[in-house]
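Per chain, numbering begins at 1; letters A, B, ... match sequence-line order.
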Protein chains: 2
Amino acid sequence: MPTVSSEELAAAAGVNSAKLRKDFSYLGSYGTRGVGYDVEYLVYQISRELGLTQDWPVVIVGIGNLGAALANYGGFASRGFRVAALIDADPAMAGKPVAGMPVQHTDDLESIIEENGVSIGVIATPAGAAQQVCDRLVAAGVTSILNFAPTVLSVPDGVDVRKVDLSIELQILAFHEQRKAGEEAAGEPGTVLQAPKETGKGPDGDVPAVMPA
Amino acid sequence: MPTVSSEELAAAAGVNSAKLRKDFSYLGSYGTRGVGYDVEYLVYQISRELGLTQDWPVVIVGIGNLGAALANYGGFASRGFRVAALIDADPAMAGKPVAGMPVQHTDDLESIIEENGVSIGVIATPAGAAQQVCDRLVAAGVTSILNFAPTVLSVPDGVDVRKVDLSIELQILAFHEQRKAGEEAAGEPGTVLQAPKETGKGPDGDVPAVMPA
DNA sequence: GAATGTGAATTTCTTCACAGCG
DNA sequence: CGCTGTGAAGAAATTCACATTC
């Protein structure tokens, strides 16, 4: 399929075709009137815009189950991420291979970051260690942190943190599940709210806004 | 701190206080004019609305590194989730304790779900097994699925799926990182876009919309 | 006096609809 | 003729501002 129309893409994504065209237009005029978008060219332009064409070395700190799962996760490489090092505070872990890579000790954190030009760090340590690891990462030059530890990290200005809370997604499912259960018993005391407005045919299913009664 | 004002909460959350009050008002009138919101009561009302006061038994299918990490994740219990069973297709895993709980074999998936009244399933299997596991979960009565496998699952109407892609968060960080790097060299060829508009003082830092030039 | 709850004003986002180009 | 790109219209979300209540 060499080209694709905004109509087709919009249908696949479950959004309005005008919105899709307008969004694309913010990236530039990459379509051809009367024809559509050249798939390969479009993919390249979007990839470039998102930073997928760059090489991003990352370090993963805390090689427990989650750290190991992340190290083994195939999705990273295909998006331009390269796991530059696995770091753990446990001396017993040092040298052990995880995902075909020897685990290194926290002592070498600073030098590893500098040598590899790492600007993105992933924290998969227990909650208690997270802030300390974070501080060291930042001091060593890391400016973006993905935090899996159940703590809120404080960082200086200019450093981005994203926190991944694995239970939030479950939370959202449970919220919908609760609504499904409540549908049979509408008007029940305590059921103050209406069902969420379905935003569209989108397969997305985001968190619905709670609507006024 | 027995009560809190919308102003304080809004400042803490980095949003406008009127928005916060309006949002709360959709849940009911839980505040007191001239005083604010009773913290304990508010927490209870929000918890109830979100379904935190219910007990949600979940099963985790696929006990590799990620499945084990999820099983050990402390955040679930505090939000009303109870890991009812860990299930894996590998017979060698059966009976092994993970997070203080014996792993059970996929053969028993249906009976486990029925016996525990499970309506939420977590899939942490390799991509190849995910759809099959999903089909069995759905057939057994599961109506919400959290999918960590890098596959798009197809499910019948009435079943909710949420897909967690661990690389998307990294993606977002890399996107910002790219922007930071681009700031020094503004006007560079290829730098078509403006910097994202900062939405507010929110500590949130969501994905910025790309703005028209 | 202090802070909620909410209509009205404002801003932002989405969709329409069509001129313009290949 | 078909489909993009985009002003203008319409819808939705956010903020203002104040009457109301404790």
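Considering only residues two or more places apart in sequence or on other chains, A:Glu110 meets the side-chain contact (heavy atoms from CB on, under 4.5 Å) condition with A:Arg136, A:Ala140. With sequence neighbours left out, A:Asp165 forms a side-chain hydrogen bond (donor to acceptor under 3.5 Å, both in side chains) with A:Ser167, B:Tyr73, B:Arg79. With sequence neighbours left out, the side-chain hydrogen bond (donor to acceptor under 3.5 Å, both in side chains) criterion links A:Gln171 to no other residue. Residues that satisfy the side-chain hydrogen bond (donor to acceptor under 3.5 Å, both in side chains) test with B:Lys163, not counting sequence neighbours, are absent from this structure.
Computed from coordinates, the A:Glu7 CD to C:dA17 C1' distance equals 13 Å when rounded to whole Å. Going from atom CG of B:Leu20 over to atom C1' of D:dT14 covers 13 Å, rounded to whole Å. In this entry the distance linking OH of A:Tyr26 with P of D:dT6 reads 10 Å, nearest Å. Rounded to whole Å, the distance from CD on B:Glu8 to P on C:dA3 is 8 Å. Going from atom CG of B:Asp23 over to atom P of D:dA13 covers 11 Å, rounded to whole Å. Taking atom CZ of residue A:Arg21 and atom C1' of nucleotide C:dC21, one finds them 14 Å apart after rounding to whole Å. Rounded to an integer number of Å, the gap from A:Asn16 CG to D:dT6 C1' is 14 Å. Straight-line distance from the CZ atom of A:Phe24 to the P atom of D:dG5: 10 Å, rounded to whole Å.
Residue pairs that meet the salt bridge (charged side-chain N to carboxylate O under 4.0 Å, His left out) test with at least one member in residues 1-22 of chain A, sequence neighbours left out, are A:Lys19-A:Asp23. For residues 114-128 of chain A, no residue pair satisfies the side chain to side chain donor-acceptor pair (under 3.5 Å) rule, not counting sequence neighbours.
For the OP1/OP2 pair of C:dT15 and a distance below 4.0 Å, the side-chain nitrogens and oxygens of A:Lys19 include no atom meeting the criterion. Contact annotation: A:Ser6 reaches the phosphate of D:dT4 (side-chain N/O to OP1 or OP2, under 4.0 Å).
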Where do N or O atoms of nucleotides 7-11 of chain C meet protein N or O atoms at under 3.5 Å, pair by pair?
{"unit_1": "C:dG7", "atom_1": "O6", "unit_2": "B:Lys22", "atom_2": "NZ", "d": "3.3"}
{"unit_1": "C:dA8", "atom_1": "N6", "unit_2": "B:Lys22", "atom_2": "NZ", "d": "3.4"}

Tell me which donor-acceptor pairs under 3.5 Å the side chains of residues 53-69 of chain A have, and how far apart each pair is, sequence neighbours excluded?
{"unit_1": "A:Gln54", "atom_1": "NE2", "unit_2": "B:Gln178", "atom_2": "OE1", "d": "3.0"}
{"unit_1": "A:Asp55", "atom_1": "OD1", "unit_2": "A:Arg82", "atom_2": "NE", "d": "3.3"}
{"unit_1": "A:Asp55", "atom_1": "OD2", "unit_2": "A:Arg82", "atom_2": "NE", "d": "3.4"}
{"unit_1": "A:Asp55", "atom_1": "OD2", "unit_2": "A:Arg82", "atom_2": "NH2", "d": "3.0"}
{"unit_1": "A:Trp56", "atom_1": "NE1", "unit_2": "A:Gly51", "atom_2": "O", "d": "3.0"}

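Looking at residues 32-40 of chain B, you'll see B:Thr32, B:Arg33, B:Gly34, B:Val35, B:Gly36, B:Tyr37 sit with a heavy atom under 4.0 Å from some atom of DNA chain C.
Interatomic distance, OH of A:Tyr30 versus CZ of A:Phe24, reported as 11.0 Å (0.5 Å rounding). Between A:Thr3 atom OG1 and A:Tyr37 atom OH the span is 11.5 Å, to the nearest 0.5 Å.
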